[in-house]
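The structure appears right after this line, and notes come after that.
Note that this is a predicted model, so its numbers are computed, not measured. The first residue of the sequence shown is numbered 1, and numbering continues consecutively from there.
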Amino acid sequence: ATEAPAPASHASAPMTPPRKMSDVAPRTTGDAAARGMTDVASPTRAPPTLVDKLDKRNMWDIREGLRVVILGATPAPLGSQKAWPPPRSERAQPTKEETMKVYIAFGEMLQLDGQAPWESEESEDEEGGVSAESEEQPRPRSPAGPATGLPAIRWGSFFTWVESGSCAVDVRRKCVYEALLNASEWFYHTKLLPERRRKGLTLAILFRWIWPWANNGAVQSMFNWICLEEYENIRLPAPPVVGDREASEMKRLYYAMDLDGKGYCNPLDIAGGDHADIVVRIRNSIDEASVKTILGDRSIQLHEFYELMCEDGYRGHEDARRAILKDGRYVIKFRSEVVDFEAWILKDSPQEQLDCLRIAGILEQEVLRWRRAVEGANAA
């Protein structure tokens, strides 16, 4: 995207030197002042300059605009004081519902940007929350394969998204959209180095704009909620456990097949005995070699026998982690340790499930990044 022109209303204002995006990286001890969130003025601090006042006004306009446009908040009355940082009475922690609204809006921006869902390069230190000094960390893997990192929206696409939303709204909201557009363009031109401009707008930046006081733990919780929602999209109903009567019959059959009373069955037992015997061969449809090909040359315990022999649409026992549905599809019990999620999913993933697993894997990376930041701050 081509760089947007600087807002005309700010053309005569002195420009502050661009700085790095430290305010979207995980917060470290003592960085509140750098992020504009200091509540108590220092007695030695110089009086605010015109540029300081402009900075605070624009940060207020960005937050106000995103709260109205994305969260559905009521615009502040005309003439309201643009107090920055926001007073403590307005610093409510983000909720799951609000977080999902931001996530949905971010998806709309990605579509406008022409990106397929979550196709991007590796997320960078400033946006993803890993300090420049940290070593490369192993990334969580999912059945869909390794994730590729958080995507970013080109700034030009974000500006277009704001402009397109200003249509068909009342005059008051139109003013909010215009203020948001002007303030975000100011942010782009005065607060980002050229390299950061090229990397685009990330979900972490949106979180920091709307909740600038949110600590690392709150941001981790937001990514955790989003990740869980993605996983919920692929959850299947758990197959019911086979009934007691059927389980009893399978147990009787299992021990009857244990020819030597070993306490377990081997491939020869499953095949019904030695197929060199004509009677055994007539009474059983599968031989020992076929059993070894399918199950391996090993012992088969009772709980596995339940899983193999139970009716389709059921699972063999309470702790079973695989089953066959009535339509013949295999399902497995999937677990993510990162976000403590467990559900039944299809073993052979269709494209829709692969996409959800890939996106959830990307979000797990962010959960781990912010979790490490929380642990680092606690250890400091």
Discussion item. One pair to check against side chain to side chain donor-acceptor pair (under 3.5 Å): Asp355 and Gln351. What are the steps and the verdict?
Written reply: CA-CA 6 Å; Asp355 289 340; Gln351 188 59 48; 2.9 Å; yes
Practice prompt. Kindly indicate, with the supporting measurements, whether the criterion side chain to side chain contact (heavy atoms under 4.5 Å, CB included) is fulfilled by Arg91 and Trp211.
Written response: CA-CA 8 Å; Arg91 298 186 194 179; Trp211 297 284; over 6 Å; no
Practice prompt. Please report the C-alpha distance between Leu295 and Leu308 in whole Å, then the side-chain angles of each, then the deciding distance to 0.1 Å, and finally whether the side chain to side chain contact (heavy atoms under 4.5 Å, CB included) criterion is met.
Written response: CA-CA 10 Å; Leu295 301 178; Leu308 293 170; 3.9 Å; yes
Item to complete: List the steps and the verdict of side chain to side chain contact (heavy atoms under 4.5 Å, CB included) for Val102 and Ile210.
Response: CA-CA 9 Å; Val102 177; Ile210 300 175; 3.7 Å; yes
Discussion item. Please evaluate residues Leu346 and Tyr330 with respect to the criterion side chain to side chain contact (heavy atoms under 4.5 Å, CB included), reporting the C-alpha separation (whole Å), side-chain torsions for both, the decisive distance (0.1 Å), and the verdict.
Written reply: CA-CA 6 Å; Leu346 293 172; Tyr330 283 79; over 6 Å; no
Item to complete: Step by step, work out the salt bridge (charged side-chain N to carboxylate O under 4.0 Å, His left out) result for Glu337 and Arg335.
Response: CA-CA 6 Å; Glu337 297 291 343; Arg335 177 166 181 79; 3.1 Å; yes
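A continuous path of hydrophobic side-chain contacts links Ile345 to Leu228 [ILVMFWY only; heavy atoms under 4.5 Å]. Grouping the Ile, Leu, Val, Met, Phe, Trp and Tyr side chains by contacts below 4.5 angstrom, directly or via other members, places Ile359 with Val338. Hydrophobic cluster membership is shared by Met309 and Ile294, with clusters built from Ile, Leu, Val, Met, Phe, Trp and Tyr side chains linked at under 4.5 angstrom. With hydrophobic clusters built from ILVMFWY side chains whose heavy atoms lie under 4.5 angstrom apart, Met100 shares a cluster with Leu110. With hydrophobic clusters built from ILVMFWY side chains whose heavy atoms lie under 4.5 angstrom apart, Trp161 shares a cluster with Tyr177.
Minimum heavy-atom separation, Gly296 to Pro267: O-CG, 3.7 Å. Shortest non-hydrogen contact noted between Val367 and Asn224 is CG2-N, 3.7 Å. Phe305 and Ile300 get closest at one heavy-atom pair: N-CG2, 4.1 Å. The nearest pair of heavy atoms linking Gly316 to Cys310 is N-SG, 3.7 Å. Between Trp344 and Ala323, the closest heavy-atom pair is CZ3-N, 4.0 Å. Contact record, Tyr264 with Ser299: CD1-CB, 3.3 Å, taken as the closest heavy-atom pair.
Counting only distance, with no hydrogens or angles, the side chain of Arg315 and the backbone of Pro239 share a donor-acceptor pair below 3.5 Å. Under the 3.5 Å distance criterion, the side-chain polar atoms of Glu98 are matched with a main-chain donor or acceptor of Thr95. When atom types are taken as modelled, the side chain of Ser80 and the backbone of Ala76 share no donor-acceptor pair closer than 3.5 angstrom. Formation of a donor-acceptor pair under 3.5 Å by the Asn216 side chain with backbone atoms of Trp370 is not found in this model. Checked by atom type and distance alone, the side chain of Asp52 pairs as donor or acceptor with a backbone atom of Thr49 at under 3.5 Å. Proximity of a side-chain donor or acceptor of Ser248 to a complementary backbone N or O of Asp244 within less than 3.5 Å is not detected. When atom types are taken as modelled, the side chain of Ser157 and the backbone of Ile153 share no donor-acceptor pair closer than 3.5 angstrom.
For the pair Lys326 and Asp312, the salt-bridge criterion is not met [side-chain N within less than 4.0 Å of a carboxylate O]. Residues Glu375 and Arg372 are not paired through a salt bridge, judged by the lack of any N-O separation under 4.0 Å between the basic side chain and the carboxylate. The residues Glu307 and Arg321 are annotated as not salt-bridged, no charged nitrogen and carboxylate oxygen being separated by less than 4.0 angstrom. By the 4.0 Å N-to-carboxylate-O rule, Arg329 lies close enough to Asp327 to be salt-bridged with it. Salt bridge status for Glu195 with Arg198: absent, with no side-chain N to carboxylate O gap under 4.0 Å. A salt bridge does not link Glu364 with Arg371: none of the charged nitrogens is closer than 4.0 Å to a carboxylate oxygen. Here Glu90 does not pair with Arg67 in a salt bridge; the nearest charged N to carboxylate O distance is not below 4.0 Å.
A distance of 14.0 Å separates CZ in Arg57 from CD in Gln81, rounded to the nearest 0.5 Å. Rounding to the nearest 0.5 angstrom, the gap separating the CD atom in Glu163 from the CG atom in Leu180 is 10.5 Å. Rounding to the nearest 0.5 Å gives a distance of 8.5 Å between CD of Glu249 and CD of Glu246. Interatomic distance, CG of Leu363 versus CD of Glu366, reported as 7.5 Å (0.5 Å rounding). Taking CG of Asp319 as the reference point, atom NZ of Lys333 lies at 7.5 Å (rounded to 0.5 Å). Taken to the nearest 0.5 Å, the CH2 atom of Trp209 stands 5.0 Å off from the CD1 atom of Ile62.
Ring planes of Phe334 and Tyr231: tilted class, angle from 30 to 60°.
In this structure, Tyr254 has its ring center no closer than 6.0 Å to that of Tyr306. In this structure, the ring of Tyr188 has its center no less than 6.0 angstrom from the ring center of Phe158. Taking the six-membered ring for Trp and the full ring otherwise, Tyr103 and Trp225 have centroids separated by 6.0 Å or more.
At a threshold of 4.5 Å between non-hydrogen side-chain atoms, the residues Arg298 and Glu304 count as touching. Between Met59 and Lys191 the shortest side-chain heavy-atom distance does not fall below 4.5 Å. A heavy-atom distance below 4.5 Å is not found between the side chains of Leu357 and Glu230. Contact check for Val69 versus Val162: no side-chain heavy atoms found under the 4.5 Å cut-off. Between Ile324 and Glu311 the shortest side-chain heavy-atom distance does not fall below 4.5 Å. Residues Arg63 and Trp84 are in side-chain contact: their nearest non-hydrogen atoms beyond the backbone lie under 4.5 Å apart. Between Trp155 and Glu185, the closest side-chain pair of non-hydrogen atoms is not below 4.5 Å. Using a 4.5 Å cut-off on side-chain heavy atoms (C-beta onward), Pro151 and Phe106 make contact.
Taking a 6.0 Å sphere around CZ of Phe207, one finds it holds more than 12 heavy atoms contributed by other residues, nucleotides or ligands. The number of heavy atoms from other shown groups lying within 6.0 Å of CE (Met257) is above 12. Dense packing is recorded around CG of Asn378, with more than 12 heavy atoms of other residues, nucleotides or ligands lying under 6.0 Å away. For Lys101, the NZ atom sits in a packed shell: over 12 heavy atoms of surrounding residues, nucleotides or ligands are nearer than 6.0 Å. By the neighbour-count criterion of 12 heavy atoms within 6.0 Å, atom CD of Glu352 is sparsely surrounded, having that number or fewer from other residues, nucleotides or ligands.
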